[in-house]
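Below is one structure, written out as C-alpha cells; the observations come after it.
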Amino acid sequence: MNKTIKVRIAPSPTGDPHVGTAYVALFNLAFARRHGGKFILRIEDTDRARSTVDSEKMIYDSLRWLNLQWDEGPDIGGPNGPYRQSERSELYRKHAEQLMASGAAYRCFCTPARLDELRKKLQASGASQRHYDGLCRNLSESEARAKSEGGAASVVRLKVPSEGETGYTDFVRGDVSFQNTLLDDQVLLKSDGFPTYHLANVVDDHLMGVTHVMRAEEWISSTPKHLLLYSAFGWEPPRFAHLPLLRNSDKSKISKRKNPTSLKWYEEQGYLPEALLNFLALMGFSMPDGVDIFGFDKLVEHFDFSRINTTGPVFDLEKLNWLNGEYIRKLKADELVNRLSAHMGRFGGKVDLLSALSPATRATVSGLFAPRIARLAEFPEMAAFIFTDALTYDHSLLVPKKCSRELIAAGLREAEKVFESPDALADHKRAEDRLREIAGAVGLKAGDFFMALRVAVTGRTASPPLLDTMAVLGAEKTRNRIAAAVQALGRA
RNA sequence: GCCCCCAUCGUCUAGUGGCCUAGGAUGCAAGAUUCUCAGUCUUGAGACCGGGGUUCAAAUCCCCGUGGGGGUACCA
C-alpha cells in the first residue's frame, strides 16, 4: 500500500517571484504528475520583516503564467490548511512545547552577544566542533522558570545528539551523512515566538503529508537538522532529493545582480511560458533521446531522478533566446497574433498595434516578423514602421554606398509611378520585375535600388522582404513613402 | 577556519568499464539560398581538471591533490 505521493514548493514572499522557484516547482510538479501525486504550494512567511502580500500575489501570478498549477495552496485551500505559515503559529508553538516536554528540546537564554563571541572564538581556534556550547542544556526546570519569570528572553533549541552521525540517501546524489557533533543545537522557536524555517518546515511537511522533498542544493546541509527533528517527533521523514543550483556565469548561486531572476521580467520580455519551462527543464535534466525541445508532458513522461544532474548549470540567456525563437516560429498564425496582441496590450506602450489591422493583415505581419524576433517584446520596436505614418529618413542610408544621389532619386521617382495603380502589388513577382527594370533603366544595381526602396519604405536597412512589406502597407502608403523619401533626398 | 556537495567543448549536456577517433544542442566561424536582416541548409574549430591506483581494458570504479559551489544565523 503506497502512500499517495505528495510534494511541495515553499517559497518565501519576499521580493519578486524568483526563477529558481519556478525551476524547483517545475520538477516537483513533473514528479507529482508522473506518479499521480499531489503538488502543494505553501507560503513561508515566517520572516515577518521581509514578507509582503504583494510578493505573495506575484508568486501566484507568475506560477499561473507558467501553468505550474498546484493542487493545494493558500488561495485554493486543501485538506491540510492553512497553507500560509503565518496562520499556523499556534501549531509550531505547540510542537515546540511537545519537544520540550519530551526532553528533546530546551529553553535557551543565551544572548546574541554571547553566541557571537562563541562563534568567533571557535572560528579563530580552527577546531571542528559545534558553535553553541550547550550552556542552557543543563539548566534545571526551576532555573529556567526563574529566568523566564525574571523577564529574560529565550529561544527553544533542539537537543542534537553529541555523537553518531545523521545521514540519508539523496535521490539525486546518493548517500550523504553528517557528524552530529558538528551540528549545533538548532533554534526552533525564535524569541519573538515565531518558528525558524527548520521547525515550520518539518512540522508542515509532516502534517501536510509530504512524501518527497525536492528542493535546491543549498538545503543539503540543513537536511540532517530536519532528519533529527523528524526523529525527535517520532515521525517518519520524507525522502529527499536536492536539485542543482542555478548559477551565474561565474558559477556562483544565481543572483539578480548578475542575471534577471524575476519571473516578471521574463514575462515582460516576451518569453513564452512553455519556452521558459523547456529551458528550465534543460538545466540539469536531459531527455533519453537527447532532444532539446520538449514540452511539459514529455518531461512528465520521462521524469526520473537518475536523469537529473548533480552539477549546477550556468543560466545562459543566449540559449533561452534561441529556444524562445524556436517556440515563436512554431506558433500557428492566429496563435502568434494572439500572443503578440496580448503582450503588447499588457506591456510596453500597452497598445495592441495589431488591432489597427485587418485580421488577415495581422497574421501576415506577424508571420513576417516571427523568424526575426527571439522575444515578443522585440516586435513593436522592429515592426514600428508598419504602424507609423511619419518616417524620418537618414540620407546616408537612403543612398547606398557607391551610389549617386541623383540616380537613386531618379529610380525612386520612377518607382513612385509604379504604385500609382492600387493593384500594383497584386502580384509580387510582377511588381518586383518592374522595379528591377527600373533599376536597369536608371543604371543602378538591383540590390542597391532595393536597399534604397527599403529605406524609403521602412526607414531602416533591415526588414522583411521588400515586396512582402510593401504589400502589407498597400500601394498608396508605399507610394507616399517613396515620395517622401524623394523629397527628403531633394532637401539634402 | 570547519562541514557538505560537485568537476566532459565558452555554455547546456549524452555517456553507468570495451560500441569513444568522446555524440547532440547552443554560441562562434565559413559557405549556400537571397533585395537587406532574420530564418533555413551544409561544413568547420571546440572538452573528459591533475596525479596515482584497480583492470586485459577507465571519461566511466577507488584514493590523493587542485578547482568551483553551498552551508556554517533568533534569513529562508
Side-chain angles (χ1 to χ4, degrees), chain A residues 10-12 14 44-47 49-51 108 110-112 115-116 119 122-131 153-157 170 173 176-179 182-184 186-198 200-201 216-224 242 244-245 247 249-253 279 282-293 306-307 309-323 325 329 368-374 382 400 432 435-436 439 445-455 458 460-467:
Chain A
S12 291
T14 55
E44 305 223 331
D45 56 351
T46 54
D47 184 338
R50 296 196 302 146
S51 299
C108 170
C110 292
T111 62
L115 265 16
D116 222 43
R119 209 173 358 253
L122 187 69
Q123 280 241 7
S125 82
S128 64
Q129 54 182 294
R130 55 179 63 159
H131 292 87
S154 67
V155 300
V156 174
R157 280 183 190 272
D170 195 296
R173 286 153 216 277
V176 181
S177 73
F178 296 78
Q179 295 295 319
L182 264 22
L183 263 26
D184 270 309
Q186 294 301 306
V187 172
L188 268 21
L189 231 42
K190 308 180 212 172
S191 58
D192 64 3
F194 271 70
T196 57
Y197 168 81
H198 304 302
N201 189 268
E217 187 185 353
E218 55 188 330
W219 294 107
I220 291 180
S221 29
S222 295
T223 306
H242 289 94
L245 213 43
R247 314 290 182 111
S249 56
D250 64 3
K251 303 289 174 84
S252 57
K253 175 164 85 167
F279 176 69
L282 248 21
M283 302 275 92
F285 175 87
S286 61
M287 280 294 181
D289 61 2
V291 298
D292 278 332
I293 301 182
S306 69
R307 298 211 65 83
N309 269 134
T310 45
T311 318
V314 171
F315 193 89
D316 181 17
L317 274 183
E318 297 251 37
K319 186 146 184 176
L320 206 211
N321 285 334
W322 162 74
L323 197 57
R329 276 168 244 135
L368 246 23
F369 287 92
R372 296 176 166 75
I373 58 174
M382 196 179 282
E432 179 176 340
L435 293 174
R436 283 182 189 279
K445 279 194 279 188
D448 289 333
F449 186 45
F450 275 87
M451 180 51 83
L453 279 166
R454 179 187 322 286
V455 174
T458 71
R460 46 183 81 193
T461 55
S463 80
L466 227 209
L467 278 297

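Protein chains get the first letters and strands the later ones, always in sequence-line order, with residue 1 at the start of each.
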Pairing partner of B:rA14 (Watson-Crick or G-U wobble, both distances under 3.5 Å): none
5' priority, RNA chain B, between A:S125 and A:T311 [closest heavy atom]: A:S125
C1' spacing across the pair B:rG51 / B:rG1, given as an integer number of angstrom: 27 Å
Using purine N1 to pyrimidine N3 plus N6-O4 or O6-N4 for Watson-Crick, or N1-O2 and O6-N3 for G-U wobble, each under 3.5 Å, what pairs with B:rA47? none
Distance check needed: B:rU11 P versus A:E318 CD, whole Å only. 13 Å
My understanding is that a pair needs two contacts under 3.5 Å, Watson-Crick or G-U wobble. By that rule, which nucleotide pairs with B:rA7? B:rU66
Quick one: do A:D116 and A:R119 satisfy side chain to side chain contact (heavy atoms under 4.5 Å, CB included)? Show the steps, please. CA-CA 5 Å; A:D116 222 43; A:R119 209 173 358 253; 3.3 Å; yes
Could you check how far CE of A:M287 sits from C1' of B:rC12, rounded to whole Å? 15 Å
B:rA59 versus B:rA76 - spacing of their C1' atoms, nearest Å: 38 Å
Check whether any side-chain N or O of A:R173 sits under 3.5 Å from a backbone N or O of A:H242 as a donor-acceptor pair, and report yes or no. yes
Whole-Å distance between B:rU11 C1' and A:N321 CG? 13 Å
Spacing between A:K319 atom NZ and B:rC28 atom C1', to the nearest angstrom: 14 Å
Distance, P atom - from B:rA47 to B:rC9, rounded to whole angstrom: 9 Å
Would you say the side chains of A:T311 and A:N309 form a donor-acceptor pair under 3.5 Å? no
Mind checking the P distance from B:rC62 to B:rC5? Whole angstroms is fine. 13 Å
In Watson-Crick or G-U wobble terms, both distances under 3.5 Å, what is the partner of B:rG31? B:rC41
The contact string for nucleotides 34-43 of chain B, one letter per nucleotide 5' to 3', using protein heavy atoms under 4.0 Å with B, S and - for base, sugar-phosphate only and none, comes out as -BBBBSS---
Find the distance A:I293:CD1 to B:rC12:P and express it as a whole number of Å. 18 Å
At under 4.0 Å between heavy atoms, how does the protein contact nucleotides 60-75 of chain B? Give one character per nucleotide, 5' to 3', with B, S or -. --------SSSSSSBS
How long is the line joining CG of A:D292 and C1' of B:rU11, in whole Å? 12 Å
Would you please confirm or rule out a distance under 4.0 Å between OP1 or OP2 of B:rA14 and any side-chain N or O of A:S286? yes
Output yes when A:E217 and A:R247 qualify as a salt bridge under the 4.0 Å nitrogen-oxygen rule, no when they do not. yes
Provide the distance between the two P atoms, one in B:rG18 and one in B:rC37, to the nearest whole Å. 48 Å
From CG of A:L182 across to P of B:rC2 the rounded distance in Å is 11 Å
What's A:D448 touching, base or sugar-phosphate or nothing? Going by heavy atoms closer than 4.0 Å. nothing
Taking B:rC49 as the reference, what is the distance to B:rG68 when you measure between their C1' atoms (whole Å, please)? 11 Å
Scan A:R307 against the nucleic acid and name what it touches under 4.0 Å (heavy atoms): base, sugar-phosphate only, or nothing. sugar-phosphate
Distance from A:D184 atom CG to A:Q129 atom CD, nearest 0.5 Å? 10.0 Å
So, are A:K319 and A:D316 salt-bridged, with charged N and O less than 4.0 Å apart? no
Spell out, as yes or no, whether a donor-acceptor pair under 3.5 Å connects the side chain of A:S12 to the backbone of A:T14. no
Would you find a donor on one side and an acceptor on the other, under 3.5 Å apart, between the side chain of A:N321 and the backbone of A:A374? no
If you assign A:P288 and A:D316 each to the RNA chain B nucleotide with the nearest heavy atom, which residue ends up on the more 5' nucleotide? A:D316
Under 4.0 Å, counting only non-hydrogen atoms across every strand here, what does A:G325 touch: a base, just sugar-phosphate, or nothing? nothing
Does any N or O in the side chain of A:S191 come within less than 3.5 Å of the main-chain N or O of A:V155, such that one atom is a donor and the other an acceptor? no
Could you label the plane-to-plane angle of the A:Y197 and A:W219 rings as parallel, tilted or perpendicular, counting under 30° as parallel and over 60° as perpendicular? parallel
Return the nucleotide paired to B:rC2: Watson-Crick means purine N1 to pyrimidine N3 with N6-O4 or O6-N4, wobble means G-U with N1-O2 and O6-N3, both under 3.5 Å. B:rG71
For B:rG27 and B:rU42, measure between their P atoms and round to the nearest Å. 15 Å
Touch check for A:T14, heavy atoms < 4.0 angstrom, all strands: base, sugar-phosphate only, or nothing? nothing
With C1' as the reference atom in both, quote the distance from B:rG70 to B:rA32 in angstrom, rounded to an integer. 49 Å
Look at the side-chain N and O atoms of A:N309 and state whether any lies under 4.0 Å from the OP1 or OP2 oxygen of B:rA14. yes
What integer distance in Å separates A:L282:CG from B:rU11:P? 16 Å
Answer with yes or no whether the side chains of A:T461 and A:R454 bring together a donor and an acceptor at under 3.5 Å. no
